[in-house]
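Below is one structure; the comments refer to it alone.
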Amino acid sequence: MDVDLIFKIAAVGILVAVLNLLLSRSGRDEQALMTTIAGLIVVLIVLVQEISGLFDLIKSLFGF
């Protein structure tokens, strides 16, 4: 099992959490929200790429 994907998601989560905390403490709540949304989009893009690779593997496995 490949755990690189889990580490990538965890790294993005930690980075977003730290940035969110720093921006919230400095009174920039809107930018903290945008940082959170950007982190979510990055994680979703990584997951979509992995799911696409899985579908390509299934296609090649069954010969479609």
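Everything numeric in this text was worked out from a predicted model, so none of it was measured.
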The side chain to side chain contact (heavy atoms under 4.5 Å, CB included) partner of S60 among D56, L57, I58 is L57

Hydrophobic cluster membership, I37 vs I45, 4.5 Å side-chain cutoff = yes

Please answer: with hydrophobic residues joined when any side-chain heavy atoms are less than 4.5 Å apart, are L21 and V16 in the same cluster?
-> no

Identify all side-chain donor-acceptor contacts of residues 23-31 below 3.5 Å with residues at least two apart in sequence or on another chain.
| residue | atom | partner | partner atom | Å |
| --- | --- | --- | --- | --- |
| S24 | OG | N20 | O | 2.9 |
| S24 | OG | N20 | OD1 | 3.3 |
| S26 | OG | L22 | O | 3.3 |
| S26 | OG | L23 | O | 3.1 |

Working to the nearest 0.5 Å, report the span between OG1 of T35 and CG of L15.
-> 9.0 Å

Table please: side-chain donor-acceptor pairs of residues 5-14 below 3.5 Å, with sequence neighbours left out.
none

Distance col, row I51:CD1 vs L44:CG, nearest 0.5 angstrom, shows 9.5 Å

